[in-house]
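Notes to accompany the following structure.
Everything quoted here is computed from the prediction, not taken from an experiment.
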Amino acid sequence: MLKKIFLSACIAATLACQASPRVNLDDTGDASGLKPDIQQSIVTKNLVALLEKYHYKKVPLNDSLSGVILDRFIKSLDQNKNYFLASDIKDFNQYRTTLDDDLKDGDLTSLFRIFNVFQQRYTGRINYSISQLNKPFTFNSGTYSYNREDLPWLASQAASDSLWTSRVEYDLLNLRLANTDKGTNKNIPIGTKSPDATDTKASSDETKNIQTLKKRYENLLAQSKKINNQDAFQIMMDAFTESIDPHTNYFVPVRAQEFNEEMARTFEGIGARLQLDNEVVKIAEIIPGGPAFKAKTIQANDRIIGVAQGKDGEFEDVIGWRLDNVVSKIKGPKGTTVRLKVIPAGQELTSSPKIISLVRDKIVLQDQSAKKTIKTVNSDGKTYRIGVITIPGFYADWKAAQAGDPNYKSTTRDVKLLLDTLKQQKVDAVLVDLRQNGGGSLPEAISLTGLFIPKGPVVQTRDTRNAVEVDEDEDPSITWNGPLGVMVDRFSASASEIFAGAIQDYGRGLIIGTQTYGKGSVQSAVNMNRVLSATDKLMLLAARKDPKNKNMVVGSDDAPYGQINFTTAKFYRINGSSTQHKGVMPDIQFPMIFPADKFGESSEPSAMPWDTIQSSTFTPYANLSGVIPSLESMHEKRMKASPEYQYLLDDISEFNKREKETSVTLNQSQLKKEREEQDEKTLARDNARRKLKGLPPLKKGEARPKNDIDFVEDESLNVMADFIKASANNQLTNKPAQKF
């Protein structure tokens, strides 16, 4: 039976789909630019067959869907309509009813042609921008349209030139304004002569601005040249799969590995996060507990210029390489050795590098795992201690679990340890924070729910045959039986909604926050190696021996041909209601910052509708219907008297205002005034909030510390204090109110 997963889950599944395409790619692809390879053609043909047969929606790949794929692909390349011309779009319309047939045949010629045209437009616009840098801009009139999504496509090359000239002026204006506090960058046009020392200094700063922007544009060109046919293929397959439904995704081999590592919260390597900085890979962060952390031989901002395998392997110069290619050289199996040529931070690239040898190990990403804090709340003269458990995702290292590792990493195991600790620290309640939690493993959502309820059903799923399966927690023990709250927001999705919905249906705890995302679809992860036929694999093996296919990418043993996560079922709460489209509605609600028509499942045109099925048989843990109205009343009373609540409403109003804006003035004085007024308003509001919290005020230009003010959490803690008192006063029924 297929294992079920959600938005970010990755559990192995077994499906087979026989196909033996006859492919000749000698004459495919555009005359210039990137071209598809035979592996991509075979994978595409198999994906189409797989999805047409097994996808939950049973959507046929026909002319209608072909047009949707075309529009989605074009939008993914140029969402703001900055690059393509109207004539390009007219030309691409020849594929509107043919892409379905092309995909069935594994023919990617048309999609690669569109991608190559985009690449040509992109590099052309960046080169044009570089050519405009010495233009004598006045910075006193005009506007720049930074959001053109709802505007027509650019009608001509002249219209494109005009837009990008404005873009260059805007970029330079931003650099100018960044230096205004230094007393330089007066309103002098570029290219004019300065009559005095002050203006000479301003002219010098303007020259530096031009050099900075030129370097930025040149870096964009350099990165564009590194794009390969795997990058293009990923975008194409995204357009195809997401036209069927927003949570069906194919991952090329390197992305499949990244996805699975993210789900496991572990990987094997040296324990460092890397980033690209001017063609050189830089250490962005050292991960605590890893080989690099323990060795203390490399530091943040060190640069890696060479990589060698083992104790005696030859060094490869990696300057100018793509970041993912460098990462693939540094990662490797636990226990193996990698050597690095490193230029320490602050030294020139011409300096003699250090040679550093590290033994790879298994890295656990603790910063992306569940964490706890204890917060205190004063209410009616009494202090309550509340344990807050933040869960960023529902993760599980299934590979380690299947290998019999007794200490494999998972959300439930981590949270259980945290709950045991919180009980020892004698907290009065637990508040689970699922805000921004996009989901993950379904089994983890079920087992996590089991930490708070006796055994019983947690979620229902309906498959393509309309067969309904009830997934249950089979462990009668409860790790935490005290007052419980769950914080959610618009970006709490998938597995988060299963957990929150079950807690709500059982009456086990309060759901606090805003309406959730509304993702009620179930995905199965399928390794494409299990889908390709023996004939396919023999054909690809032969192709790899051909020198002209030397750049064909084959992934690790886990997913050599990539991985498809596709929708195979729909999940329902135990009360019979789907969370699809509607999400979970909290018991105690806050105003929604992100509008539902732009964020969440309801904003996705290919999303499935909401519906219901029969309720499961379950016994509620408690009946909270009698206490929720009084909790709501106390919450609303605090909101009316809370300056913080008004600030939240102001933030929502400001967000909606900014969302409607599509252009910005190019008048330096006007833009400077607008930004200063906005900065002053933001600083005043931040400091007013900090004063309420007893925090020191921020100075102008000082960044606000991350998460030092969290009004939603603060008020949720107040709600939990009310809930604790209601529990103590027996205002809720701990016995079943009704048996369904």
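Cation-pi geometry between Arg125 and Tyr128 is satisfied (NZ or CZ under 6.0 Å from the ring centre, within 45° of the ring normal).
For the pair Pro643 and Leu692, the minimum side-chain heavy-atom distance is below 4.5 Å. Side-chain contact between Arg573 and Ile498 is absent, with no heavy-atom pair separated by less than 4.5 Å.
The aromatic rings of Tyr83 and Phe118 sit perpendicular, their planes meeting at an angle over 60°, well past the 30° parallel limit. Ring orientation note: the planes of Phe92 and Phe84 are nearly perpendicular, at an angle over 60° on the 30°/60° scale. A tilted orientation is assigned to the rings of Phe655 and Phe599, their planes being inclined by 30° to 60°.
Note on Glu654 versus Lys681: salt bridge recorded, some NZ/NE/NH1/NH2 to OD/OE distance being below 4.0 Å. The residues Arg167 and Asp171 are annotated as salt-bridged, a charged nitrogen and a carboxylate oxygen being separated by less than 4.0 angstrom. Of the charged side-chain nitrogens involved, none lies within less than 4.0 Å of a carboxylate oxygen, so that Lys519 and Glu497 do not count as a salt-bridged pair. A salt bridge links Lys282 with Asp277; the closest basic N to acidic carboxylate O contact falls under 4.0 Å. The existence of a salt bridge linking Glu713 and Lys375 is confirmed by a sub-4.0 Å separation between a basic side-chain nitrogen and an acidic carboxylate oxygen. Look at Glu149 and Lys75 and you find a salt bridge, because one of the NZ, NE, NH1 or NH2 atoms lies within 4.0 Å of a carboxylate O, short of that distance.
If you take OG on Ser243 and CZ on Phe73, they are separated by 11.0 Å, rounding to the nearest 0.5 Å. Atom CZ of Arg658 and atom CD of Gln678 lie 4.5 Å apart (nearest 0.5 Å). In this structure, CD1 in Ile69 is found 12.0 Å from CG in Asp238, a value given to the nearest 0.5 Å. Rounded to the nearest 0.5 Å, atoms CG (Asp722) and CD (Glu632) are 12.0 Å apart. With rounding to the nearest 0.5 angstrom, the CG atom of Leu510 is 6.0 Å from the CD1 atom of Ile628. Between the OG atom in Ser577 and the CG atom in Asp611 there is a gap of 8.5 Å [rounded to 0.5 Å].
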Self-check item: Criterion side-chain contact (heavy atoms from CB on, under 4.5 Å) on Leu175 and Ile210, from CA distance to verdict
Solution: CA-CA 9 Å; Leu175 291 173; Ile210 294 172; over 6 Å; no
Practice problem: Could you walk me through whether Arg148 and Leu154 pass the side-chain contact (heavy atoms from CB on, under 4.5 Å) test, one step at a time? | Solution: CA-CA 10 Å; Arg148 303 191 66 260; Leu154 294 163; 3.8 Å; yes
Quiz item: Which is it for Leu276 and Gln223 under the side-chain contact (heavy atoms from CB on, under 4.5 Å) test, yes or no, and what are the steps along the way?
Solution: CA-CA 10 Å; Leu276 204 59; Gln223 296 308 309; 3.2 Å; yes
Exercise. Give the intermediate values and the outcome of side-chain contact (heavy atoms from CB on, under 4.5 Å) for residues Phe711 and Tyr645.
Key: CA-CA 8 Å; Phe711 168 64; Tyr645 181 67; 3.9 Å; yes
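At distances below 3.5 Å, at least one donor-acceptor pair connects side-chain atoms of Thr123 with backbone N or O atoms of Gln119.
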